[in-house]
Structures are given as C-alpha cells and as structure tokens.
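For reference, the structure is listed below as structure tokens.
Side-chain atoms are counted along with the backbone in the values below, which use heavy atoms only and exclude waters and symmetry mates. We count ligands from 1, going down the list as the structure has it; atoms in each ligand are counted the same way.
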Amino acid sequence: MILAQTAVRNVGVVIFAIVIVGFILYLFFNLLDSKGEGGAEIELAANRKPYFDDEILETRKLDQSLMSGLVLLSVIGIALPLYWLGEPGRQEGYVENTIELWTEEGAESFEASCSSCHGGGGAGGIAAFAITDQGSGEFVASVDWVAPSLTSALTRFTEEEITYTLNFGRNGVMPAWGAPGGGPLTEQQIEIIIVYLRSVQKDADAVQAAVQDGLVEGARLEWVSRDEDLSEQLREANFGLAQASQTGQGSLIEEAQAELSEVQKTIGELFPAEDMAAWLAEISDPSHAEYLTYGELLFTNRADAGAYGCARCHTAGWSYDGANDLSIDGEPLSTITDEDGNEVPGHVQGGGWFGPNLTNGSTKKQFPDSDAMIDFIRRGSVNGERYGTAGQGGGQMPGFSQRVDDDILEEVFDEELGEFIEVEKVWPASLTEEQIAAIVAYERSL
Ligand code: HEC
Ligand code: HEC
C-alpha cells in the first residue's frame, strides 16, 4: 500500500513538472516570437502578415486543430473516470499507511511515556507511589502500585473510555496525559498511542492462558494460607525483604531475596502447577462446595498485573499489596484513617475503592436478578447510562466479555465466498461465561 501511495505521488510530481516546464517553454518561445520587431506596424502587425491560404487552412490546419481537440477530450473522458474509480483504493491506502505510521510513532511515545510503569509493550508493571493519610494528608509510606497490563485493555474499554483515562489519569497514581486533564500530550498524540495499543493486544488463546496462569498462582497461595507454618514462613520472608529494601543495602536485600526464593521453591514443590490446575477444574463446577473460592480466585487474579481481576478496583489496598498488612513499613494498613478520622478497615475483599463496595449484599440490591448482573459485568458500564436499580455508569467499570468495535474493519478470508471480506473487529473476552458466572456467585455471597 505504501508502494501504491508513492507511485501515485510520483505520477503527480511528474505531471506537475511537465506542466511547469511546458509553461516555461511557452513563455520562452512567446517572448522570442515577440522580439525582432523593427519595421512599420503597418507591415509587421500580426493581422497584416500573410497567413496560410484557404486550402491549407481548410485541410491540414483544420485537421490538426480537430485532432488535438479530440485528444484532449479523450484524456478528460477516460482519465477522469479512471482517476475517480481509483479514489477509494487511494483513500484506503492512505488510511492503512497512516495506521502503520501511527503504530510506529505510538510505539515510540509509549516507550517514552508509559513503559516505565506499564512495562515494555504494555505487559504490565509497577508504579512508585506515596500513600498519604486521607485525613491529615501526611506521608504514610512509599509503595509499589500495580500498573495493569494494557495488552487486553481494548477488549474491556472502548477507545473513547481509554482516551478519558489517558486525558485525566486515574486515582492520582496514573498521571493525566491529555490536555483536558492538564497533561502534556495533544489529542492526536493520545490517539496515536491508542492506535499503537491495538497492535499489542493479545489474542483469545493468550488471554485465557494468562487468566489460567493467574488462577494457578492464586490457587497455590490459597493452599499456602491453609497451612499455618507455611503461611508464617512466607509472611516472614516477605516482611524480611520489605525491611531489607527499606535499608537500601544491596547485600541485605540479596540475602532476603534468597530467603524468599527458598520459601517459594518449597511452595512450588508442595503445590505443583498440574495439581493446582486439576483442583481448579474441580472447584469450577457450580455444584462443588468450593465453587465460591473459584470465584474469589478470579476476583483477585494477579495475572498481567491484575488486568483480568476485579480486586484492583473494588478492594482498597490490593494494588499495593496492602493485603499483606506487614508490607508497609511493618505498619498494618488499618492505621490509615479516612477523612472523618475513622480507621480504614485494612483489606476487605470487595470492600470498595475506585469501584463501589460490593459487600453486605449490596450487589443483590443493585441487581435483584443475577442474570442482569452477569450482563452488566459482560458489557461494563457506559458513561451517562444507568444500570441496575440505582447505578449511574461512568464508563469506568470494564466489560469482561468480548467487544465488537465497528470503527475498525478487518479483512478476513471467507471460505464460502472464496474471497476476502471486511468484518468488524472483535476483541477477545477477558473472561469466559463460566468464569463470569463464578465471580457473580462469589460477589453475591459477600
Ligand atoms: C507513573 C506511572 C504510570 C505512567 C507513566 C502511566 N501509567 Fe497508566 N496507569 C498507572 C497505574 C498505577 C494504573 C492503575 C491505576 C489504578 O489502580 O487506579 C494505570 C492505569 C492505566 C489505564 C487503565 C487500564 C485498566 O485496565 O484499568 C490505562 C489505559 C493506562 N494506564 C494507560 C497509560 C498510557 C497509555 C500511558 C502513557 C501515556 C500511561 N498509562 C502512563 C500508572 C502509570
Ligand atoms: C478499572 C476498575 C474496575 C475493575 C477492574 C472492575 N470494576 Fe467493577 N466497577 C468499577 C466502577 C468505577 C464501577 C461503578 C460504575 C462506573 O463508575 O462506571 C463498578 C461497578 C461495579 C458493579 C456495580 C456495583 C454497584 O453497586 O453499583 C459491580 C457488580 C462490579 N463493578 C463488578 C465487577 C467485577 C465482577 C469485576 C471483575 C470481573 C470488576 N467489577 C472489575 C470499576 C472496576
């Protein structure tokens, strides 16, 4: 397409050059013609000079004029419709060319502005953040805040919703990038980054594989939590590393890391991935006694920096491991107080944060019918649209089922027709229907 583009441009340049050169030649000969005057006007005036006689005028000269008229007419008659016919192809070429250029440009600005927190290629990472007391505004602790992977963001949010997040940032941890939020990027620079994001989105298999990896990791921690000794060992090793990190001494940090790795190795051996996968398959059956645990593991899934889970928005502290109440300087999270001076109740799963509190049966009130709740989680909220019995959507609750984007057309080969056809882009689901049902069952039990 780029080739076709440059070919069209070259032809244009050549035609332009011919016209310019022709015009200069015309001017030149015209000027030459007008030189050499010197006699009386009565002899030299153009209308006094002898001209072709009638015979030549009516045959050769007339034929010549008619012929050049005909040639011009054919050029206009054939070339214009041909040009017009080629126009859609040229426009498509233009769009494709722009998208390719934007993808490259977007990759560069992503690496420059976003990858420090979201990881290279948007794979997910961490952002350094200072927690302050909500009441006094005093510094509490520096934490590593999970910055979700963006490699499946376009399935959970529309490009408009992502633009909103980029414009205004989120929760103070994700900075505002767009001019409307006081950020440094123009509207087009934001658009270019989003076009780049399209190119790093995972396919359906990769998404499901990541969700499963996160579930296996969660299952392991669930089994650790059922063993008091092991939990204590892991907690101490984590705390040791947190303490060592505060000292900033390389040797101490290395030692603590080695200790933690040792504990993790033991855990890996005790709970191998195959066993965890088999257990998950068992409890994913709605009639299993631990079905709700399956829902909880989906809710807290850490894969791809929490991208597929719910806890990062619905559980305070989850994003910076506030769940482990020894992780902040050894101070339990519950010493943080809110605006009214009340203690913030540590880590309450689903207790609400950026997204509403989902505990105390509140989801049953919002959605008396669980099918309606499933539907809401499949599609997410829409800005300005009401949901449930009293919900007001802000467009920030992601949709976890697949998303069709009718602005993006893709060429796919149609086996039946035997030709390429254009279809709307379908971004793969983050969660399967069964997984969404399990999360809903879990939430409704909170
Ligand atoms: C200083 C670190 C930091 C930088 C730089 C940063 N982000 Fe973020 N971003 C975050 C964090 C942390 C979150 C999650 C916020 C939360 O937990 O509410 C986030 C959230 C997001 C989200 C919402 C994703 C979701 O699934 O909820 C998008 C989209 C996003 N960032 C895109 C970008 C892009 C594009 C850039 C570059 C222009 C960027 N971010 C730069 C830290 C950062
Ligand atoms: C990126 C942050 C984010 C993530 C991730 C997220 N939510 Fe939400 N959720 C919200 C926000 C924000 C709302 C409120 C609606 C709005 O502002 O659009 C909400 C609303 C809800 C509600 C309605 C609650 C009420 O009482 O109104 C339910 C139920 C819900 N989310 C469930 C989930 C589930 C289940 C998941 C995981 C599969 C999830 N959420 C993941 C941000 C999030």
Just checking, is any N or O donor in the side chain of [X] or [Y] under 3.5 Å from an acceptor N or O on the other one?
X	Y	value
S362	N360	no
R444	T363	no
Q435	Q208	yes
S152	R156	yes
Q201	T151	no

Checking [X] side chain against [Y] main chain: does a donor-acceptor pair fall under 3.5 Å?
X	Y	result
R403	L154	yes
H314	P356	yes
S381	G395	yes

Between [X] and [Y], which heavy-atom pair has the shortest distance, and what is it?
X	Y	value
A307	F400	O-CE2, 4.3 Å
V404	V426	CG2-CG2, 4.2 Å
N167	A176	O-CB, 3.4 Å
Y294	A438	CD2-CB, 3.6 Å
R312	G306	NE-O, 2.9 Å

Less than 4.0 angstrom from a charged side-chain N to a carboxylate O is my criterion; do K202 and D304 meet it? yes
[atom]: which protein heavy atom is closest, and how many Å away?
atom	value
atom 17 (O) of ligand 1	W145 NE1, 3.0 Å
atom 15 (C) of ligand 1	V173 CG2, 4.1 Å
atom 41 (C) of ligand 1	W177 NE1, 3.3 Å
atom 18 (O) of ligand 1	N171 ND2, 2.7 Å
atom 26 (O) of ligand 1	R312 NH2, 2.9 Å

What orientation do F110 and Y196 show, parallel under 30°, tilted 30 to 60°, or perpendicular over 60°? tilted
N or O contact, [X] vs ligand 2, cut-off under 3.5 Å:
X	value
Q366	yes
G394	yes
Y387	yes

Where does F376 meet ligand 2, judged by heavy-atom distances below 4.0 Å: at the side chain, the backbone, both, or neither? side chain
Would you say S113 has any N or O atom under 3.5 Å from an N or O of ligand 1, going by distance alone? no
Between L150 and V200, is there a side-chain heavy-atom distance shorter than 4.5 Å? no
With backbone taken as N, CA, C and O and side chain as the heavy atoms from C-beta onward, which portion of F129 lies under 4.0 Å from ligand 1: side chain, backbone, both, or neither? neither
Less than 2.8 Å away from atom 8 (Fe) of ligand 2, how many protein N/O/S atoms can be counted, ignoring water? 2
Strictly by side chain to side chain donor-acceptor pair (under 3.5 Å), give each pair with a member in residues 175-191 just once, sequence neighbours left out. T186-Q189
Donor-acceptor contacts, no H, no angles, side chain residues 211-230, under 3.5 Å, sequence neighbours left out:
{"unit_1": "E217", "atom_1": "OE1", "unit_2": "R220", "atom_2": "NH1", "d": "3.1"}
{"unit_1": "R220", "atom_1": "NE", "unit_2": "F271", "atom_2": "O", "d": "2.8"}
{"unit_1": "R220", "atom_1": "NH2", "unit_2": "F271", "atom_2": "O", "d": "3.2"}
{"unit_1": "E222", "atom_1": "OE2", "unit_2": "R226", "atom_2": "NE", "d": "3.0"}
{"unit_1": "E222", "atom_1": "OE2", "unit_2": "R226", "atom_2": "NH2", "d": "3.0"}
{"unit_1": "S225", "atom_1": "OG", "unit_2": "E222", "atom_2": "O", "d": "2.6"}
{"unit_1": "R226", "atom_1": "NH1", "unit_2": "E290", "atom_2": "OE2", "d": "3.4"}
{"unit_1": "R226", "atom_1": "NH2", "unit_2": "E290", "atom_2": "OE1", "d": "2.7"}
{"unit_1": "D227", "atom_1": "OD1", "unit_2": "D229", "atom_2": "N", "d": "3.1"}
{"unit_1": "D227", "atom_1": "OD1", "unit_2": "L230", "atom_2": "N", "d": "3.1"}

When you check the space around atom 8 (Fe) of ligand 1, which protein N, O or S atoms turn up under 2.8 Å? H118 NE2, M174 SD
Sub-4.0 Å heavy-atom contact, [X] with ligand 2:
X	result
G393	yes
F299	no
G395	yes

Please list, in number order, the atoms of ligand 1 under 4.0 Å from a heavy atom of [X].
X	result
I193	35 (C), 38 (C)
V146	12 (C)
F157	25 (C), 26 (O), 27 (O)

Does at least one non-hydrogen atom of F354 fall below 4.0 angstrom from an atom of ligand 1? no
What do you reckon, does L197 put a non-hydrogen atom under 4.0 Å from ligand 1? no
Please identify which atoms of ligand 2 are closer than 4.0 Å to at least one heavy atom of E443. 29 (C), 32 (C), 33 (C), 34 (C), 35 (C)
Any atoms of ligand 2 less than 4.0 Å from a non-hydrogen atom of I439? List them with their elements. 35 (C), 38 (C)
Is the charged tip of R198 near the ring of W102: under 6.0 Å from the six-membered ring centre and within 45° of its axis? no
Test of ring centre spacing under 6.0 Å for F299 and Y442: yes
